[in-house]
Amino acid sequence: MKREMFTNPQIYDVIIVGAGHAGCEAALAAARMGCLTLLLTSNLNNIALMSCNPAIGGVGKGQLVREIDALGGEMGRAIDTTGIQFRQLNTRKGPAVRSSRAQADRKAYSQYFRKVIEEQPNLDLKEGLVEWILTKRGKAIGVRTKFQENFRGKTIILCPGTFLNGLIHIGLQSSPAGRMGDFPSLGLSQCLRRLGFRMGRFKTGTPPRVDGRTVDFSQLTEQKGDPNPLPFSFWTKRVENQQISCYLTRTTPQTHQVIRENLDRSPLYSGKITSKGVRYCPSIEDKVVKFPERQGHQVFLEPEGLDSKLIYPNGLSTSLPIDVQYKLLHTVPGLEGAKIVRPGYGIEHDYVDPTQLTPSLECKRIEGLFMAGQINGTTGYEEAGAQGILAGINAALKVRGEPPLILDRAQAYIGVLIDDLVTKGTDEPYRMFTSRVEYRLILREDNAPLRLSPLGHKVGLLNEGRWKKVVALKKAYSETLKKLKTIRLFPNEGTNRMLQSWGLPPLKKATSLEELLKKPEVSSDHLQRLSEELKGLPFRLLSILEAEVKYEGYIHRELKEVEEFRRMEELRIPPDMDFDLIEGLSTEVKEKLSSFRPRSLGQASRISGITPAAISILMVHLRRQR
């Protein structure tokens with residue numbers, strides 16, 4: 001029997017497949033840039049759903065959220081509106097590695113995003129499970145859903161998350177699913193293979209959800225948030241929500257014994273799961289097997305919301321059978337009587353080798369087809385959102401006939417993330433860390449608006465109201481820095497008495513505020529008390545200035561390194577260059593360069609297997625061609 005097919009009459013500028021964090025940021029970016037946009041999701045009730053931990057940010061991840069916000073994205077405002085515990089991490093370390101993290105009200109967070117999307121002009125939201133990419137002469141022209149509805153579009157962005165051929169494991173039982181309770185995307189995975197994409201398979205997982213009424217909190221260590229929560233978004237004045245505590249416990253030798261006795265029932269250790277999991281967020285089974293000397297592992301009990309009784313036991317990700325999950329839970333202090341509301345599970349899903357993408361996240365193989373999120377081999381809401389906003393921006397720019405916005409490694413954490421993916425690829429789920437970033441002292445959380453908001457405004461994503469606040473910040477920064485250089489304190493009795501009351505040495509000569517702030521023990525808070533002209537200045541401005549002044553020498557050193565990086569990036573490689581004609585390059589290097597097609601000498605230098613000697617030969621050749 002012939003299947004009926006319907007083609008929607010509307011032709012969209014941008015079609016986004018998947019309404020997770022990548023899809024939502026992509027859809028909002030494209031629509032806000034004036035493109036007629038369609039967001040397709042398999043379940044309208046699960047928009048921006050936090051499938052795993054109910055939190056945003058973390059080390060390296062907080063920087064990504066601030067950058068999404070600076071470009072004009074939504075994630076920062078979403079967590080500011082729905083966050084129930086905010087914390088600054090690494091506060092005792094330098095500003096290069098300080099990061100923000102916040103617990104979210106899981107339900108409220110999803111509802112926030114749905115409301116924003118439904119109210120966004122130029123954006124249509126529809127339910128449909130996409131199973132096929134429509135192409136014509138090597139260009140994406142639309143998508144087809146499971147129920148044979150065709151949608152036509154000038155550009156397509158794929159953001160399927162873990163749904164791409166997803167398979168859930170609980171013990172030795174498995175079932176196809178995108179996540180617990182949602183259908184997987186099977187046809188789309190088959191379509192991508194037929195279109196010739198190289199694909200792999202990764203594994204991730206989640207812990208059981210626990211009924212908070214069955215937890216004995218009296219045995220646990222309370223972990224409060226910061227007393228004065230610092231918002232993620234530059235445009236959020238203050239966090240208004242009620243703040244609550246998380247709690248800390250640990251696994252015990254008895255927990256580990258239960259796990260060891262049941263490894264034969266674990267899909268990870270029985271051979272049922274063969275794909276690679278997240279190195280930096282392993283299951284409790286992995287922790288016990290790989291670190292046998294450890295007597296316990298931390299478990300953070302994180303509430304899922306103000307009106308929810310569910311507890312997320314961060315650190316107990318598992319795919320063991322349900323009866324074993326109960327046994328191991330009941331050996332953990334505070335969880336002896338805990339009831340499981342939903343079991344933990346492992347999930348395998350397909351991904352596309354990201355080296356098949358350009359730095360704009362457009363596919364090299366099919367024009368107009370972009371990919372963002374876990375389909376590119378990443379893990380985490382923040383990594384997904386960062387790719388989503390860039391894919392949305394670049395799809396919109398392509399529709400407008402403008403060159404793409406490409407962030408490099410010296411501009412943003414987002415630039416590092418995307419460059420790592422499209423240049424090096426990944427053989428395990430990719431997670432952002434500060435250690436991946438070469439220029440992290442100049443790519444701090446606090447200065448994200450100064451670095452990236454001009455780009456967001458240029459492409460039309462940042463509206464005039466928000467842009468004026470960035471302009472005001474830049475002006476205040478210049479004026480206040482001038483004050484720090486010109487205002488001098490003298491070694492009088494009042495000043496020295498105040499310094500000594502803070503445990504600081506007295507002044508012996510006239511000293512500028514800038515010179516004083518360079519001292520490790522002096523903070524911007526001290527300066528506000530010493531100078532009337534600095535009182536009342538916003539914390540965000542002072543934090544930028546404090547970092548810039550204290551680390552001036554190190555920042556100048558990084559800026560010199562950036563100049564050398566830029567020289568390498570500016571040596572462009574013609575897209576049609578015949579590497580076989582370059583004498584001195586090995587056959588292996590020629591094959592890699594011909595397959596990858598790097599945009600610049602700098603990008604070529606980061607391809608695995610390309611030697612410094614090969615880069616020197618290529619550099620000489622490029623300069624001769626000028």
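Quantities reported herein were computed from a predicted structural model and do not represent experimental measurements.
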Review point. To the nearest 0.5 Å, how far apart are CG in Leu158 and CG in Leu361?
Key: 11.5 Å
Check your understanding: Salt bridge check: are Arg32 and Glu74 linked by an N-O gap of less than 4.0 Å?
Key -> yes
Review point. Taking 4.0 angstrom as the limit, do Arg557 and Glu552 come out as a salt bridge?
Key: no
Review point. With a 4.0 Å cut-off, would you call Glu532 and Lys535 a salt bridge?
Key: yes
Review point. Do any pairs count as a side chain to side chain donor-acceptor pair (under 3.5 Å) and have a residue in residues 82-93, sequence neighbours left out, and if so which ones?
Key: Gln88-Ser100
Check your understanding: Is it true that atom NZ of Lys364 has more than 12 heavy atoms of other residues, nucleotides or ligands lying nearer than 6.0 Å?
Key -> yes
Check your understanding: Do you know the tightest heavy-atom contact between Met371 and Cys363?
Key -> CE-SG, 3.6 Å
Check your understanding: Under the salt bridge (Lys or Arg N to Asp or Glu O under 4.0 Å) criterion, do Glu514 and Lys483 qualify, and how do the steps go?
Key -> CA-CA 9 Å; Glu514 182 186 38; Lys483 288 179 182 179; over 6 Å; no
Review point. If you draw the axis of the six-membered ring of Tyr112, does the NZ or CZ of Arg77 fall within 45° of it and under 6.0 Å from the ring centre?
Key: no
Point to revise | Donor on one side chain, acceptor on other, Gln223 and Ser245, under 3.5 Å | key: no
Review point. Would you say Ser531's side chain and Gln528's backbone share a donor-acceptor pair under 3.5 angstrom?
Key: no
Review point. Got a salt bridge between Arg409 and Asp420, using NZ or NE/NH1/NH2 to carboxylate O under 4.0 Å?
Key: yes
Practice item. Identify whether the distance between the nearest side-chain nitrogen and carboxylate oxygen of Glu521 and Lys519 falls below 4.0 Å. Key: no
Review point. Taking only residues two or more places apart in sequence or in another chain, which ones pass salt bridge (charged side-chain N to carboxylate O under 4.0 Å, His left out) with Glu240?
Key: Arg238
Exercise for review: Enter the distance from Asn447:CG to Leu545:CG here, rounded to the nearest 0.5 Å.
Suggested key: 11.0 Å
Check your understanding: Is the closest basic N to carboxylate O distance between Glu383 and Arg431 below 4.0 Å?
Key -> no
Review point. CE of Met50 to OH of Tyr312: how many Å apart, nearest 0.5 Å?
Key: 11.0 Å
Check your understanding: Hey, are Arg451 and Glu67 close enough for a salt bridge, meaning a charged N less than 4.0 Å from a carboxylate O?
Key -> yes
Exercise for review: Mind telling me whether Trp467 and His457 have parallel, tilted or perpendicular rings, with 30° and 60° as the class edges?
Suggested key: parallel
Revision key, fill the gap. Heavy-atom closest pair (Met432 atom, Arg436 atom, distance to 0.1 Å) is CA-NE, 4.2 Å
**Study point:** Backbone N/O of Leu507 and side chain of Asn496: donor-acceptor pair under 3.5 Å
**Key:** yes
Study note, to complete from the structure: Heavy-atom nearest pair, Asp80 first then Ser233, reads OD2-N, 2.8 Å
Check your understanding: Cut-off 3.5 Å, side chains only: do Thr379 and Gln374 have a donor facing an acceptor?
Key -> no
Check your understanding: Hey, does the side chain of Glu570 reach the backbone of Arg567 with a donor-acceptor pair shorter than 3.5 angstrom?
Key -> no
Exercise for review: Answer yes when Lys560 and Glu563 have at least one side-chain N-carboxylate O distance shorter than 4.0 Å, and no when they do not.
Suggested key: no
Exercise for review: Taking the side chain as every heavy atom from C-beta outward, state whether Ile16 and Cys159 have any atom pair closer than 4.5 Å.
Suggested key: yes
Check your understanding: Shortest non-hydrogen contact from Leu517 to Ser524?
Key -> CD1-N, 3.8 Å
Exercise for review: Taking the side chain as every heavy atom from C-beta outward, state whether Val65 and Tyr381 have any pair of such atoms under 4.5 Å apart.
Suggested key: no
**Study point:** Under 3.5 Å: donor-acceptor pair, side chain of Lys398, backbone of Glu362
**Key:** no
Review point. Does a side-chain N-to-carboxylate-O contact under 4.0 Å join Arg540 and Asp446?
Key: no
Revision key, fill the gap. Between the CD1 atom in Ile442 and the CD atom in Glu558, the distance rounded to the nearest 0.5 Å is 5.5 Å
Review point. Can you tell me how far CD of Glu382 sits from CD1 of Ile68, rounded to the nearest 0.5 angstrom?
Key: 7.5 Å
Check your understanding: So do Pro54 and Glu302 actually touch side chain to side chain, heavy atoms under 4.5 Å?
Key -> yes
Practice item. Determine whether the aromatic ring centres of Tyr109 and His21 lie less than 6.0 Å apart. Key: yes
Review point. Between Ser523 and Asp525, do the side chains contain an N or O donor and an N or O acceptor separated by less than 3.5 Å?
Key: no
Review point. Counting distance only, does the side-chain N/O of Asn376 pair as donor-acceptor with the main-chain N or O of Val352 below 3.5 Å?
Key: no
Point to revise | Test log, rule side-chain hydrogen bond (donor to acceptor under 3.5 Å, both in side chains), inputs Ser360 and Asn394 | key: CA-CA 6 Å; Ser360 70; Asn394 286 324; 4.8 Å; no
Exercise for review: Start with the C-alpha distance between Lys61 and Glu445, add both sets of side-chain angles, then the distance that settles salt bridge (Lys or Arg N to Asp or Glu O under 4.0 Å), and finish with yes or no.
Suggested key: CA-CA 10 Å; Lys61 292 170 174 279; Glu445 269 196 0; over 6 Å; no
Exercise for review: Measure the CD1-CD1 distance between Ile84 and Ile244 for me, rounded to the nearest 0.5 Å.
Suggested key: 3.5 Å
